[in-house]
There are 2 protein chains.
Amino acid sequence: MPHEAQKAIARQSLLLRSLPEQHVDTLLRQAVWRQYDRGETIFLQEEEAKAVHVVLAGWVKLFRVTPTGAEAVVSVFTRGDSFGEAVALRDVPYPVSAEAVSPCEVMHIPSPVLLSLMREDAEIGVSILAATFTHLHSLVAQLEQLKAQTGAQRVAEFLLNLCEVESGTCEVELPYDKMLIAGRLGMKPESLSRAFSRLKTVGVKINRNHADIADIDVLRDYAENDPSER
Amino acid sequence: MPHEAQKAIARQSLLLRSLPEQHVDTLLRQAVWRQYDRGETIFLQEEEAKAVHVVLAGWVKLFRVTPTGAEAVVSVFTRGDSFGEAVALRDVPYPVSAEAVSPCEVMHIPSPVLLSLMREDAEIGVSILAATFTHLHSLVAQLEQLKAQTGAQRVAEFLLNLCEVESGTCEVELPYDKMLIAGRLGMKPESLSRAFSRLKTVGVKINRNHADIADIDVLRDYAENDPSER
DNA sequence: CTCCAAACTTGACAATTGTCATGTCACGAC
DNA sequence: GTCGTGACATGACAATTGTCAAGTTTGGAG
């Protein structure tokens, strides 16, 4: 029983937005709509994929658990993001687990529905590839960050991505837990705290889940250039 | 002027192997076959993708160059590997650069050829998704390694992946430069040297581009568990 | 064969990060 | 309201890694 507002969000998602109206309707009609509480599991690593997921509200994290139990956050998704495309269309297990990190609404499109529609119209395949490419690209960007930037620089880029404007002053809300931000950026919470302190020297003030950026250009310069100064 | 042996390698690639014979022939016939010298560029970051690439011989690295000039290796491909699928089918620029790190033979399938065939048979789309998923998965695995393992552990896993057997003693050849191995594993060459020294305590001896592993299980245990012992 | 440039190793040192311990603060249960 | 749990900050310390500066080795060019 999806609300019209939810449908509107789904239509705007990267996965669906370039599809003809008629196909989107078919998919929305056959989708499963669910709510999740904070901390609830959406699917587990090694589980067989049976659907593609679209986040309508809230935040979802994808993560891997190592043999030793350590957790590595792979990505964090929110309204309009889809995930699991490449996995659902082949009978392979998920390489990651998914968990709601805030109360969430998620739409699930069963893979058989998507598959059959794909055989009717090759355009669907291109749409799925578009969404998959976006994930690929974001993973590549993350890899670059991890390999070539210091912790404080990664935090700076994270903040820059939250900014709506291109330059000048900006205030942003941290979208989720600092613990999760730390995980997403590949560091421990303590290191994130220290990274925030360092950013004070480039005009960043953190207050609760609220960040004040004095000058976006200064911060961007810090993110892209030398961490050695100061 | 492809050799039969080259065609055979292409047919076995993840991208083509599940396609009906007839389609594979169509693709092979319209593909471009090229050789590259060591160090030669195959394509550059930001360049528009016009083809999907399949490595027939030699080694190719994909990497990103940061605004400051630092280089982050994203992946290293060899015989039978394909790359650029998700990019070629949409008019978007490559997120990475590609360079031959040894003399190479590479087959290029122009994207229009693939696209038109895809509209004829949706099965092609599934094949492309299969290859793309493999890349996605390997990037996720890399992210996990970078975030959750020490340098020496990553080197251990790298060696384990080179082993043909499951347990016991094993000798492997390092497939390419130690500098490139270091880049692929997200560390400096000096750190790689040190990581190799540490692995001596778990029965690994490095000689030139040759590694002797005394006991694969011991090494696997090191890779998966605590780096603190010893 | 000789020589050179690049790859590689090693040591000393500095910077960064993880770990452990402690303390504060906010928020929900009660 | 009080209590208690978990998030967050911070300091001290250890471990890891990057940086810089030698040396050694290796694989061609000539």
Side-chain angles (χ1 to χ4, degrees), chain A residues 37-39 59 61 66 68-73 101-103 145-156 173-201 204-211 222 226-230, chain B residues 37-39 59 61 66 68-73 101-103 145-156 173-201 204-211 222 226-230:
Chain A
D37 291 332
R38 176 193 165 100
W59 293 85
K61 79 170 170 187
T66 65
T68 46
E71 171 181 317
V73 177
V101 292
S102 77
Q145 286 190 4
L146 276 174
K147 287 183 174 176
Q149 294 188 304
T150 66
Q153 284 178 302
R154 300 200 295 274
V155 176
E173 294 275 309
L174 301 183
Y176 36 82
D177 268 10
K178 292 190 184 172
M179 286 193 63
L180 182 53
I181 296 178
R184 163 65 237 281
L185 297 176
M187 55 179 100
K188 295 284 134 93
E190 292 96 323
S191 296
L192 179 65
S193 278
R194 289 179 196 130
F196 278 142
S197 331
R198 286 202 203 180
L199 293 183
K200 284 177 191 164
T201 65
V204 175
K205 288 200 186 62
I206 305 289
N207 230 307
R208 304 288 195 92
N209 65 340
H210 194 267
Y222 177 87
D226 201 350
S228 69
E229 28 179 19
R230 190 96 2 90
Chain B
D37 291 332
R38 177 192 163 100
W59 292 86
K61 78 169 171 188
T66 66
T68 45
E71 171 182 316
V73 178
V101 292
S102 75
Q145 286 190 5
L146 276 174
K147 287 184 174 175
Q149 294 188 302
T150 67
Q153 284 178 301
R154 300 200 294 275
V155 175
E173 296 273 310
L174 301 183
Y176 37 81
D177 269 10
K178 290 189 186 173
M179 285 193 63
L180 182 54
I181 296 176
R184 165 62 237 282
L185 297 176
M187 55 180 101
K188 295 285 132 97
E190 293 97 323
S191 296
L192 179 64
S193 278
R194 289 179 197 130
F196 278 143
S197 330
R198 285 201 203 181
L199 293 184
K200 283 176 191 165
T201 65
V204 174
K205 288 202 185 59
I206 305 290
N207 229 306
R208 307 288 194 90
N209 64 340
H210 194 269
Y222 177 86
D226 200 351
S228 70
E229 25 179 24
R230 191 94 6 89

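Below, all heavy atoms of this structure are taken into account, side chains as well, without hydrogens, waters or symmetry copies. Here the structure is a predicted model, which is why all the values come from computation and not from measurement. Numbers restart at 1 for each chain; the letters A, B, ... are given by sequence-line order, proteins then strands.
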Quick one: are [X] and [Y] in side-chain contact, heavy atoms under 4.5 Å?
X: B:Leu199; Y: B:Tyr222; answer: yes
X: A:Lys178; Y: A:Ile206; answer: yes
X: A:Lys61; Y: A:Arg184; answer: no
X: B:Pro175; Y: B:Trp59; answer: yes
X: B:Glu71; Y: A:Lys147; answer: no

Looking only at non-hydrogen atoms, find the nearest pair between A:Leu174 and A:Arg208 and report the distance.
CD1-O, 4.2 Å
Which atom pair, heavy atoms only, marks the closest approach of A:Thr66 to B:Ala148?
CG2-CB, 3.8 Å
Integer-rounded Å distance: [N] [atom2] and [X] [atom1]:
X: A:Arg208; N: C:dA26; atom1: CZ; atom2: C1'; answer: 7 Å
X: B:Leu192; N: C:dA7; atom1: CG; atom2: C1'; answer: 12 Å
X: A:Ile206; N: C:dC25; atom1: CD1; atom2: P; answer: 19 Å
X: B:Lys178; N: D:dT26; atom1: NZ; atom2: C1'; answer: 12 Å
X: A:Leu146; N: D:dT16; atom1: CG; atom2: P; answer: 19 Å
X: A:Arg38; N: D:dT5; atom1: CZ; atom2: C1'; answer: 13 Å
X: A:Ile181; N: D:dA9; atom1: CD1; atom2: P; answer: 10 Å
X: A:Asn209; N: D:dG6; atom1: CG; atom2: C1'; answer: 16 Å

Rounded (10°) bend between the five-pair end axes of the helix from C:dC1-D:dG30 to C:dC30-D:dG1:
40°
Run the side-chain contact (heavy atoms from CB on, under 4.5 Å) test against A:Lys205 and tell me which residues pass, sequence neighbours left out.
A:Asp212
B/S/- contact track for nucleotides 17-22 of chain D, protein heavy atom under 4.0 Å
SBBB--
Report the C-alpha distance between B:Arg38 and B:Asp177 in whole Å, list the side-chain angles of each, state the deciding distance to 0.1 Å, and finish with yes or no for salt bridge (Lys or Arg N to Asp or Glu O under 4.0 Å).
CA-CA 12 Å; B:Arg38 177 192 163 100; B:Asp177 269 10; 3.4 Å; yes
